[in-house]
Amino acid sequence: MRTSELIFKSRREVPQDAEASSHQLLLRGNYIRRLTSGVYSFLPLGYQVLRRVERIVEEELDRVGASELLLPALHPVEIWRATGRDAKMADVLFGVEGKSGSFVLGPTHEEAVIEAMSPDIESYRDLPKLVYQIQTKFRDEPRARFGLMRTREFIMADGYSFDVDRDTMRASYQRFYEAYQAIFRRVGLKAEPVEADAGSIGGDVNHEFMVASSIGEDHFARCRECGYQANIEAARAGERAGVPVARDIEPVTYSTPNAPGVEIAVKALQDAGAEVEVASMLKSMLLVGEAGQLVLALLPGDRTLNVPRGMRLAEDVEMGDFVKGYIGPQGQSSRVTILADPLVRTRPSWASGANQEGSHTVGLRLGIDFNVDRFENLVVVQDQDPCPHCGAPLELVRSVEVGHTFQLGLTYSGMLAHARFSTVDGQELPYWMGCYGIGVTRVPAVIAQQYGSPEGDAVAWPVEVAPYVVSVVGVGATKDNDVVAVARRLHDLINAGGVSALLEDRDVSTGVAMRDLELIGSPIFCVVGARSLANKMVEIRDRMHDRTTLVPIEEAPAAVIALSRELTSECR
RNA sequence: CGGGAAGUGGCGCAGCUUGGUAGCGCACCUGCUUUGGGAGCAGGGGGCCGCGGGUUCAAAUCCCGCCUUCCCGACCA
């Protein structure tokens, strides 16, 4: 390929709306172009990167025995009603009204794959089955961001497994899990599988594949000691020793007008002369359980509530005679279930709302002034919390989710009468499913973030995803020397050797040529210069390791191809 | 959905306070010179100033309403 033939025009100015360096790079290098918020075109360069990622996904999934298929993007709303997810995912569903009924643009494909596969799964003899597709998904995200990181239309590689029981489902899960690790290695990402929360997909065991990155929207907790890793939503802190409650004090109530909420309450109490701090306030938050019952959650004032599964924060109108902003646990046991985080055992006494407008009480003791029905992890883990397995301090890592694998079990098949197979002894049972997703369009952004310059003006793509592995450029060239001819010949030989090469053949200054090639991001540059040519040498740059070597012209193609192999093997 | 910022040639911005016939850099076109790291000179083309209404002799500029985009948060396979 020649640069003169590329659809390529580099942009010198930083696009105003791009914050992340990867986003800037992808725009400046003409990889992508925004059509509207959260919707992007892939221009030829970007599409090449994307296609290379897709091919790797295909190769690795084929290798573990999954079959590629293609499901529709347009779904009749009925299949979503059947699983109840038309309501559950209503806020992200794009609806389409057609002349022949209502449709949904698929945000995910569990329902669709069941419809597609069920007729072929009649008997235990038909199982297990692993399938996947690479398909465009639509989600009406409340907030698209960071270019390709979170978009409303994106491509996902989603896989599904069908099995006779839990054990075989786990074996299928393991096959996808291993393929995922291979895929991320090959695209050059260090993706760490972490325990995760199942979200609206449902199901049991699941892992997120997280890449530590400054543009991450997630955090996961990691224990350096024992290797425990979990998404912040799923992570639990280990137990800490409780302390005895204070016997020698009594609760004191202070007047704290206009001080709802922990921060202002602390200030008001301090002004009133009480000895309190944010960490010694007890946050009392009203939750609504699945059956609509009220639950009071207790946690330290400096902690964030991790709303337990199936519950939600109560709305103002549901709070009845609870005094919003002044709720305390004292005297409440008879009317609500009281849940408390184990941290509530780690202080001799607490300050809290006094259950009446404008006053707080200090010196409340667990078991004396208030009681707890059940202890349960209620707080979001923080940096330095103890590991639940070994007690060592956890660290929080900002990260991007590039993949997610779920053991769904019977979550969907159990709801659908036709999602069944016959067992050896003739019973009809729902099959066990797993589902697996990779955010394909997100991957180039994460790679660009990791392998690009902080200024968003250069990148060295990992070999297997680079649009062109080698860029050949002649410099110091005048039309009457043979720099151009040598550069062209090397380009042709490298291509013939099976390594994709790009020839800079435009009539531009050296500076422009080099800057542009740095945006295109070949990991290997081959620089043919008038000076070195005088000594029959050319320059080979390994941009991944920032190494430059001079080699004789005749040896250059072989040297470049060898370097390309070396870089490839580093990612396998 | 809350909080903040911004919409002016393709891109990045100035002009708006104090209304008076729209400007700069990049990119683009023509010519000449240049070519080991975003070249120089000369000439040239391109703009319902986000949309709608209002005030005024006159609106990019003042007033009202709306739309869009970005950032933070809420939310989130």
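Labels below follow one simple rule: chain letters A, B, ... track the order of the sequence lines, proteins then strands, and each chain is numbered from 1.
- If you take atom C1' in B/A58 and the same atom in B/U21, they sit 10 Å apart, rounded to whole Å.
- Pair assignment for B/G43 gives B/C29, based on Watson-Crick or G-U wobble hydrogen-bonding distances that are each under 3.5 Å.
- Across B/G19 and B/C49, the matching C1' atoms stand 14 Å from one another, rounded to whole Å.
- When rounded to the nearest whole Å, the span between CZ of A/Arg506 and P of B/A27 equals 13 Å.
- On the C1' atoms, B/G15 is 40 Å away from B/C75, given to the nearest whole Å.
- Summarising the geometry, the separation between CG on A/Asp457 and P on B/G37 is reported as 17 Å, rounded to the nearest angstrom.
- In this structure, A/Asp516 reaches the bases: a heavy-atom distance under 4.0 Å links it to at least one base atom across the strands shown.
- The base of B/G38 has none of its N or O atoms less than 3.5 Å from a complementary donor or acceptor on the side chain of A/Thr510.
- A/Tyr173 and A/Thr405 form a side-chain donor-acceptor contact under 3.5 Å, judged by distance and modelled atom types alone.
- Nucleotides B/G45 and B/A27 place their C1' atoms 13 Å apart, quoted to the nearest Å.
- For A/Glu554, the side chain to side chain contact (heavy atoms under 4.5 Å, CB included) test picks out A/Pro552, with sequence neighbours left out.
- Residue whose closest nucleotide on RNA chain B sits further toward the 5' end, between A/Met156 and A/Leu533: A/Leu533.
- Counting to the nearest Å, the P atom of B/C75 and the CZ atom of A/Arg139 are 17 Å from each other.
- Phosphate contact (OP1/OP2 of B/A27, side-chain N/O of A/Arg12, threshold under 4.0 Å): present.
- Of the possible polar contacts, none joining the A/Ser399 side chain to the A/Val211 backbone as a donor-acceptor pair under 3.5 Å is found.
- For A/Glu13 and B/G38, a side-chain-to-base donor-acceptor distance below 3.5 Å is absent, hydrogens and geometry of angles not being considered.
- Remark: A/Glu518 pairs with no residue by the salt bridge (Lys or Arg N to Asp or Glu O under 4.0 Å) rule, at least two apart or across chains.
- Using a 4.0 Å heavy-atom cutoff across all strands shown, A/Val508 reaches at least one base atom of the nucleic acid.
- Nucleotides B/C71 and B/C32 place their P atoms 46 Å apart, quoted to the nearest Å.
- Separating the CD atom of A/Glu217 from the C1' atom of B/C71 is a distance of 13 Å, rounded to the nearest angstrom.
- Summarising the base pairing, B/U35 is matched to no nucleotide, lacking a Watson-Crick or G-U wobble pair whose two defining distances lie under 3.5 Å.
- For A/Tyr436 and A/Phe176, the gap between ring centers is short of 6.0 Å.
- In a base pair of the Watson-Crick type (N1 to N3 plus N6-O4 or O6-N4) or a G-U wobble (N1-O2 and O6-N3), with each distance short of 3.5 Å, B/U61 is matched with no nucleotide.
- Nearest-nucleotide positions on RNA chain B for A/Arg11 and A/His23 put A/Arg11 closer to the 5' end.
- Counting distance only, with no hydrogens placed and no angle test, the side-chain atoms of A/Glu518 and the base atoms of B/G38 include no donor-acceptor pair under 3.5 Å.
- The partner of B/G12, taking Watson-Crick or G-U wobble pairs whose two distances both stay under 3.5 Å, is B/C24.
- Nearest to the side-chain atoms of A/Phe146 among the listed nucleotides B/G36, B/G37, B/C72 stands B/C72.
- Across all strands shown, the partner of B/G2 is B/C72, judged by Watson-Crick or G-U wobble contacts whose two distances both fall under 3.5 Å.
- Figure legend. B/U55 is base-paired to no nucleotide; pairs are counted as Watson-Crick or G-U wobble with both atom distances under 3.5 Å.
- Going from the P atom of B/C13 to that of B/U8 covers 9 Å, rounded to whole Å.
- Computed from coordinates, the A/Arg150 CZ to B/C70 C1' distance equals 16 Å when rounded to whole Å.
- Atom-to-atom, CG of A/Leu517 to P of B/G38 comes out at 14 Å; the value is rounded to the nearest Å.
- With 3.5 Å as the limit, one finds a donor-acceptor pair spanning the side chains of A/Ser522 and A/Ser471.
- Straight-line distance from the CZ atom of A/Arg152 to the P atom of B/C70: 9 Å, rounded to whole Å.
- Between the side chain of A/Tyr160 and the backbone N or O of A/His109, at least one donor-acceptor pair lies under 3.5 Å.
- Under the Watson-Crick or G-U wobble criterion, with both distances below 3.5 Å, B/C66 is paired with B/G50.
- Residue A/Phe209 is classed as having no contact, given no heavy-atom separation below 4.0 Å to the nucleic acid.
- Aromatic rings of A/His404 and A/Phe209 (six-membered ring for Trp) have centroids beyond the 6.0 Å cut-off, not under it.
- Protein atom CZ of A/Arg543 is 17 Å distant from nucleotide atom P of B/G37, rounded to whole Å.
- The gap from the C1' atom of B/U68 to that of B/G50 amounts to 7 Å, rounded to the nearest Å.
- Between the side chain of A/Arg143 and the base of B/G3, no donor-acceptor pair of N or O atoms lies under 3.5 Å.
- Which of B/U35, B/G37, B/C72 sits closest to the side chain of A/Arg515 comes down to B/G37.
- Spacing of P atoms, B/G7 relative to B/G12, comes out at 11 Å, to the nearest Å.
- Distances shown here put a side-chain N or O of A/Ser509 below 4.0 Å from the OP1 or OP2 atom of B/A39.
- Base engagement by A/Arg541 is indicated by at least one non-hydrogen atom pair under 4.0 Å involving a base atom.
- Here A/Arg33 lies out of heavy-atom contact (under 4.0 Å) with every strand.
- OP1 or OP2 of B/U69 lies within a sub-4.0 Å distance of a side-chain N or O belonging to A/Thr36.
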